[in-house]
2 protein chains.
Amino acid sequence: MSISSRFSVGIHILTLIEINKDGVSSSEYLAGSVNTNPAVIRKIMGMLKKAGLIKVQPGIAGAELAKDLSDITLLDVYKAVNVVKDNELFSIHENPNPDCTVGRNIQNTIEPLFFSAQNAMEKVLENVTIEDVVKDVIEKEIKR
Amino acid sequence: MSISSRFSVGIHILTLIEINKDGVSSSEYLAGSVNTNPAVIRKIMGMLKKAGLIKVQPGIAGAELAKDLSDITLLDVYKAVNVVKDNELFSIHENPNPDCTVGRNIQNTIEPLFFSAQNAMEKVLENVTIEDVVKDVIEKEIKR
DNA sequence: TAATATGTAACTACAATGATTACATGTAAT
DNA sequence: ATTACATGTAATCATTGTAGTTACATATTA
């Protein structure tokens, strides 16, 4: 199991749109940097657009950020690209035996534990913005 | 994407072995409570055994906990049943374009962020033991 | 040796991922 | 208006993981 790379690609796209803000970030251009097919990029762009993170228009080349850099968290991207359904990072087996003490209580016991673990993870994502990512990419670039 | 229910089934198994400690927890018995096939249970039992969490022997019916209740954390179970590879909860797209500023730095920027998010989640699992789960199941049972 | 349990391998159905192709739709320049 | 080009989206495919099922070898005990 692994969370889809749509998430990391989404971060890549937003970061590149910012760094290339004086140029035109078409799906083909972005695909060239991510190194995948433009249709894959367009699909993810569609999700980012739906979530209000970028502005794109049919027929017009290029995408722009729809919000301030510092106002887009990794959690926003994570939710936008739909890699994990709400509160379903962990799946719990269904239909345990109601005639057994453990069977009839285990789901209610486990569920809040899983929620809080998932929540701790998402809180970390919420505390990082695309601005942080852009700055780090630039910093790493300078140190080369 | 969702983390395999092997994890929740593993917790169920350990909890039931404890609560049924005066009885015999065979794979068939456990399967009856989880409500799945005994072979599925045996496969997971094999993983729990390999991780040193339970004792099972071929030919001998029943499983026992190999460690103290309070000494088995949910993180132990999570690692035992192999639902997420080490530091690979999030997958990062491979082969971004090295001729692009973002392409050649994004992986190194994203990786530590993903690690810390995954780590925050695992820390929560580390702070819950099977003893906590057993107690909660019993408590919920009493309140019925 | 008969009965029973664990350990495994093989096979199936199903779902998600990521890539690819194709094409409809929308925009702008000539 | 027609051409050129970009986005939006559907269909298809190979690959992988999950969960269940069957079957059987191996091990233990009565």
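FYI, side chains are in, hydrogens and waters are out, and symmetry mates aren't considered; it's all heavy atoms of this structure. Numbered from 1 within each chain, the chains take letters A, B, ... in sequence-line order.
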Between atom [atom1] in [X] and atom [atom2] in [N], what is the gap in whole Å?
{"X": "B/Asn95", "N": "C/dG18", "atom1": "CG", "atom2": "C1'", "result": "13 Å"}
{"X": "B/Lys85", "N": "D/dT16", "atom1": "NZ", "atom2": "C1'", "result": "10 Å"}
{"X": "A/Leu30", "N": "C/dG18", "atom1": "CG", "atom2": "P", "result": "17 Å"}
{"X": "B/Ile41", "N": "C/dG7", "atom1": "CD1", "atom2": "P", "result": "13 Å"}
{"X": "A/Glu28", "N": "D/dA4", "atom1": "CD", "atom2": "P", "result": "17 Å"}
{"X": "A/Ile54", "N": "D/dT7", "atom1": "CD1", "atom2": "P", "result": "10 Å"}
{"X": "B/Met47", "N": "C/dG7", "atom1": "CE", "atom2": "P", "result": "13 Å"}
{"X": "B/Lys43", "N": "D/dT21", "atom1": "NZ", "atom2": "P", "result": "14 Å"}

Please pick, from [options], the nucleotide with the shortest atom-to-atom distance to any side-chain atom of [X].
{"X": "A/Pro58", "options": "D/dA19, C/dT8, D/dT7", "value": "D/dT7"}
{"X": "A/Val40", "options": "C/dA28, C/dA19, D/dT29", "value": "C/dA19"}
{"X": "A/Ala39", "options": "C/dT20, C/dG7, D/dA19", "value": "C/dT20"}
{"X": "B/Asn37", "options": "C/dG7, D/dT9, D/dT22", "value": "D/dT22"}

Q: In plain terms, say whether B/Lys143 and B/Glu139 are close enough for a salt bridge, that is, a side-chain N and a carboxylate O under 4.0 Å apart.
A: yes
Q: State whether A/Glu141 and B/Arg104 are salt-bridged, where the test is any N-O pair (Lys NZ or Arg NE/NH1/NH2 against Asp/Glu carboxylate O) under 4.0 Å.
A: yes
**Q.** Whether A/Asp132 side chain and A/Thr129 backbone form a donor-acceptor pair below 3.5 Å
**A.**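 Side chain of A/Asp132 to backbone of A/Thr129, a donor-acceptor pair under 3.5 Å: yes, one is there.
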Q. Would you find a donor on one side and an acceptor on the other, under 3.5 Å apart, between the side chain of B/Arg6 and the backbone of B/Asn82?
A.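 Confirmed, B/Arg6 side chain pairs with B/Asn82 backbone.
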Are [X] and [N] close enough that a side-chain N or O sits under 4.0 Å from OP1 or OP2?
{"X": "A/Thr36", "N": "C/dG18", "result": "no"}
{"X": "B/Lys49", "N": "C/dG7", "result": "yes"}
{"X": "B/Ser5", "N": "D/dA19", "result": "yes"}
{"X": "B/Ser27", "N": "C/dT6", "result": "yes"}
{"X": "A/Arg6", "N": "C/dT17", "result": "yes"}

Q.
Using the side-chain contact (heavy atoms from CB on, under 4.5 Å) definition, which of the options B/Ile13, B/Ile72, B/Ile17 pairs with B/Ile130?
A. B/Ile72
**Q.** Closest-nucleotide 5' rank along DNA chain D - winner of A/Met1 and A/Ile60
**A.** A/Ile60
Q | Comparing B/Gln57 and B/Val83 on DNA chain D - which has the more 5′ nearest nucleotide | A | B/Val83
(Q) Over all strands shown, is A/Ala61 touching base, sugar-phosphate only, or nothing at heavy-atom distances under 4.0 angstrom? (A)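 Touches sugar-phosphate only.
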Q. Between B/Phe7 and A/Phe114, what is the ring plane arrangement, given parallel below 30°, perpendicular above 60°, and tilted in between?
A. parallel
Q. Closer to the 5' end of DNA chain C via nearest nucleotide, is it A/Arg42 or A/Ser4?
A. A/Ser4
